[in-house]
Amino acid sequence: MASFPRRQFLSTAAVGGAFLGFNQLDFLGRLPRVSAEEAQPNPEAVQFNPDIEPLVRLLEETPRDQLLEKVAHRVQTGTSYQEVLAALMLAGVRNVQPRPSVGHKFHAVLVVNSAHIASLASPDSERWLPIFWALDHFKSSQARDVQEGNWTMGPVNEDKLPPMRRARREFTEAMDNWDVEKADTAVAALSRGATSGEMFELFAKYGARDFRSIGHKAIYVANAWRTLNCIGWRHAEPVMRSLTYALLNHVGEPNPAENDLAPDAPGRSNESRVAQVNRGWRDGELNDQATAELLALLRTGSVDEVCDAVVETVNDGVSPRSVYDALLLGSGELLMRQPAIVALHAVTSTNAFWYAYNTTRNDETRRKILLQNAAFLPLFREAMKGRGKVDEAQIDQLTGTMPGDTPVDDSTAAIEAIFDRVGTDSSAAAQGVLAYLDAGKSPEDLITAARRLVFLKGNNSHDYKFSSAVLEDYYHVSPNWRNRFLASSVFKLLGSNQRDNQLVERTRSALA
């Protein structure tokens, strides 16, 4: 990541006919640097490593309308991208409670990895913009948390920390019994002695355990690990404590360990299916017909019917990649049918499950993740029915046609025509994407244009969460299906005719 004096904050870009240019941040040299001595630590709040605590305090204490300028100044004077990302994540876990839902205001934490993914995939000149957007969003969530009670993560109870030899067992017992206090001390002990891989094996199965908060538990597991892979495991303890607290969220319900509750039913029924999967199940062959059949079943089948079909499919020698093709396509089809919040989370949670599926080294956990992902999609489908009209679009019936008379051979004109329809005629935009990709045109150019529009137009965390998930998942789908999957994304991506976000206007004003 280049420093501000040597690169433009955002390069001049043309998207959908709109031009945006910025100068370098010369004005930031006038801003004072914040030192570690400016404030004493709060004994009621968990404290972070001494090297990152002052930067976290800067994010917490700076007013929203001054934060971007102060962070820019810190970057100009040597603070690294990694340090800013770490401070952003840690400020979120210390100041934003993942309750009463692992969502809503808690998106300040969930969106950090999505902003990071967008940053990594962007041209050098644009890489700071997603992070600056996430910084501004943190201040919004922090203010909401204050209004809801001003929760702050406190220091761990050191007197109750179990020795490392007992920490894993106590953590598992606490998670199984939904015991928040015991789980908190156990995970703190584990974070100080276990490896990242060992910890992931524990958290992957609990992130997939229940259908609460429409997939956000699985999303948080994936995003926490992906962020820690960048900022370093030394920051893991507060993140793991926050994650544990989130996974044990069941606000408004009795103890799930002592009751048969609907959000836990798929996980419990899938316990027996895990043992039914044959050895060598991952060695099957790609099978487009099997993908099409599972996709069709996802439209009408019950949780049990879909999960039974997944077991039968892999036991018949079909690659689980073909199953995941159906799950990814099925989530995209839900978005085509109702481009709203529930279907969006079908996509982003499938992205998180895919990460966990590929990251775990435990074969039993991998089977459970696959089955739980399959179970979630019918639950998302049913949840959509109470939220307005549900169309009958079928992703495998989508035809490729460029909007208007736009020639597909003119890539620039084709991309502009596609994103001009996004948000106004998404079906035409989807047909255009399929025509463009089937003609062999560059998916990277299309994806870059989509990301830039998120930078310019994005107004909430879902714009970043969704786009980061769906644009990387294009490459996770098998080649015979991936063009259709990306075509479905335009039902929730941003178009060139939508208004620029407030962050763009703030940045323009700051740089004037």
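Start at 1 with the first residue, then count along the sequence.
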Open item on the list: Looking at every non-hydrogen atom in both residues, tell me the closest pair between Lys217 and Leu247 and how far apart they are.
Closed with: NZ-O, 2.9 Å

Task: Tyr464 vs Asn113, side-chain hydrogen bond (donor to acceptor under 3.5 Å, both in side chains): CA-CA, chis, key distance, verdict - done: CA-CA 9 Å; Tyr464 273 93; Asn113 178 66; over 6 Å; no

Open item on the list: Test of understanding: with ring-ring contact (aromatic ring centres under 6.0 Å, His included), list the residues that count as partners of Phe203, not counting sequence neighbours.
Closed with: Phe171, Trp225

- [ ] Using a 4.5 Å cut-off on heavy atoms from C-beta on, say whether the side chain of Asp308 contacts that of Glu312.
- [x] no

Open item on the list: Taking side chain to side chain contact (heavy atoms under 4.5 Å, CB included) as the definition, give me every residue that meets it alongside Ala236, ordered by chain and number, with sequence neighbours left out.
Closed with: Leu228, Trp233, Met240

TODO: Identify the heavy atoms of Trp178 and Asn249 that sit nearest to each other, and give their distance.
DONE: CZ3-O, 4.0 Å

TODO: Apply the test ring-ring contact (aromatic ring centres under 6.0 Å, His included) to residues Tyr474 and Phe485: give CA-CA distance (whole Å), side-chain angles for both, the deciding distance (0.1 Å), then the verdict.
DONE: CA-CA 7 Å; Tyr474 168 75; Phe485 176 77; 7.9 Å; no

Task: Arg64 and Asp136 ion-paired at < 4.0 Å - done: yes

- [ ] For Gln276, look at atom CD and say whether over 12 heavy atoms of other residues, nucleotides or ligands are found less than 6.0 Å away.
- [x] yes

Open item on the list: salt bridge (charged side-chain N to carboxylate O under 4.0 Å, His left out) for Asp463 and Lys492? Distances and angles first, verdict last.
Closed with: CA-CA 8 Å; Asp463 293 329; Lys492 203 57 183 173; over 6 Å; no

Task: Arg387 atom CZ, neighbour heavy-atom count above 12 within 6.0 Å - done: no

Task: His476: partners by side-chain hydrogen bond (donor to acceptor under 3.5 Å, both in side chains), with sequence neighbours left out - done: Trp354, Asp473

- [ ] Report the relative orientation of the aromatic rings in His137 and Trp133; use parallel for angles under 30°, tilted for 30 to 60°, perpendicular for over 60°.
- [x] parallel

TODO: Find out whether Ser242 and Met153 are in side-chain contact, i.e. whether some heavy atom of one side chain is under 4.5 Å from a heavy atom of the other.
DONE: yes

Open item on the list: Working note: Leu486 + Val477, criterion side-chain contact (heavy atoms from CB on, under 4.5 Å); need CA distance, chi angles, decisive distance, verdict.
Closed with: CA-CA 9 Å; Leu486 190 59; Val477 182; over 6 Å; no

Open item on the list: Test: salt bridge (Lys or Arg N to Asp or Glu O under 4.0 Å). Region: residues 283-295. Which pairs qualify, not counting sequence neighbours?
Closed with: none

Open item on the list: What's the separation between atom CZ in Phe455 and atom OG in Ser467, rounded to the nearest 0.5 Å?
Closed with: 8.0 Å

TODO: Kindly state each residue pair satisfying side-chain hydrogen bond (donor to acceptor under 3.5 Å, both in side chains) with at least one member in residues 424-438, sequence neighbours excluded.
DONE: Asp438-Asn483

Task: Gap between atom CD of Glu258 and atom CG of Asn177 - 0.5 Å precision - done: 8.0 Å

- [ ] List in chain and number order the residues that pass ring-ring contact (aromatic ring centres under 6.0 Å, His included) with Phe466, two or more places apart in sequence or in another chain; answer none if no residue qualifies.
- [x] none

Task: Glu148 vs Lys105, salt bridge (charged side-chain N to carboxylate O under 4.0 Å, His left out): CA-CA, chis, key distance, verdict - done: CA-CA 10 Å; Glu148 295 179 4; Lys105 65 182 182 296; 2.9 Å; yes

TODO: Nearest 0.5 Å please: distance from the CG atom of Asn497 over to the CG atom of Asp420.
DONE: 4.5 Å

Open item on the list: For the backbone of Val390 and the side chain of Arg337, can you confirm whether one donor and one acceptor N or O come within less than 3.5 Å of each other?
Closed with: no

- [ ] Indicate yes or no: at least one non-hydrogen side-chain atom of Leu327 is less than 4.5 angstrom from one of Leu377.
- [x] yes

Open item on the list: Working note: Ser114 + Ile117, criterion side-chain contact (heavy atoms from CB on, under 4.5 Å); need CA distance, chi angles, decisive distance, verdict.
Closed with: CA-CA 5 Å; Ser114 301; Ile117 292 172; 5.5 Å; no

TODO: Find out whether Leu129 and Leu503 are in side-chain contact, i.e. whether some heavy atom of one side chain is under 4.5 Å from a heavy atom of the other.
DONE: yes

Task: Sub-4.5 Å side-chain heavy-atom contact between His116 and Cys230 - done: yes

Task: Separation of Lys465 NZ from Asn460 CG (nearest 0.5 Å) - done: 9.5 Å

Task: Pairs where residues 399-409 contributes a residue and the test side-chain hydrogen bond (donor to acceptor under 3.5 Å, both in side chains) is met, not counting sequence neighbours - done: none

TODO: Taking only Lys NZ, Arg NE, NH1 and NH2, and the carboxylate oxygens of Asp or Glu, determine whether Lys385 and Glu382 approach each other closer than 4.0 Å.
DONE: yes

Task: Flag for Asn95-Asp145: side-chain donor and acceptor within less than 3.5 Å - done: no

Open item on the list: Taking the basic N atoms (NZ, or NE/NH1/NH2) and the acidic carboxylate oxygens, is any pair closer than 4.0 Å for Lys368 and Glu271?
Closed with: yes

- [ ] Using modelled atom types only, decide if a donor and an acceptor are shared between the side chain of Arg241 and the backbone of Val187 within a distance under 3.5 Å.
- [x] no

Task: Arg361 vs Glu201 side-chain heavy atoms within contact, under 4.5 Å - done: yes

Open item on the list: According to side chain to side chain contact (heavy atoms under 4.5 Å, CB included), who are the partners of Ala439, at least two apart in sequence or on a separate chain?
Closed with: Val408, Lys441

TODO: Taking the side chain as every heavy atom from C-beta outward, state whether Lys457 and Asn501 have any atom pair closer than 4.5 Å.
DONE: no

Task: Listed partners of His104 passing ring-ring contact (aromatic ring centres under 6.0 Å, His included), at least two apart - done: none

Task: Counterpart residues, salt bridge (charged side-chain N to carboxylate O under 4.0 Å, His left out), relative to Arg482 (two or more places apart) - done: none

- [ ] Apply ring-ring contact (aromatic ring centres under 6.0 Å, His included) to His216 and list each qualifying residue two or more places apart in sequence or on a separate chain.
- [x] His107, His345

- [ ] Start with the C-alpha gap between Val314 and Asn278, add the side-chain angles, then the distance that decides, and say whether side-chain contact (heavy atoms from CB on, under 4.5 Å) holds.
- [x] CA-CA 8 Å; Val314 295; Asn278 294 339; over 6 Å; no

- [ ] Assess the side chains of Asp391 and Gln338: does a donor N or O sit below 3.5 Å from an acceptor N or O?
- [x] no

Open item on the list: To the closest 0.5 Å, what do you measure between CZ (Arg226) and CD1 (Ile231)?
Closed with: 14.0 Å

Task: Geometric cation-pi criterion, Arg127 with Tyr81: 6.0 Å, 45° - done: no

Task: Heavy-atom donor-acceptor pair, Ser213 side chain to Gly215 backbone, under 3.5 Å - done: no

Task: Summary of side-chain hydrogen bond (donor to acceptor under 3.5 Å, both in side chains) pairs that have at least one residue in residues 321-333, sequence neighbours excluded - done: Arg299-Glu333, Tyr324-Asn373, Asp325-Ser478

- [ ] Quick one: do Val221 and Phe200 satisfy side-chain contact (heavy atoms from CB on, under 4.5 Å)? Show the steps, please.
- [x] CA-CA 8 Å; Val221 171; Phe200 186 81; 4.0 Å; yes

Open item on the list: Can you confirm whether Ile219 sits close enough to Asn223 that some side-chain heavy atom of one is under 4.5 Å from a side-chain heavy atom of the other?
Closed with: yes

Task: Atom pair CG/CZ of Leu328 and Phe353 - distance to nearest 0.5 Å - done: 12.0 Å

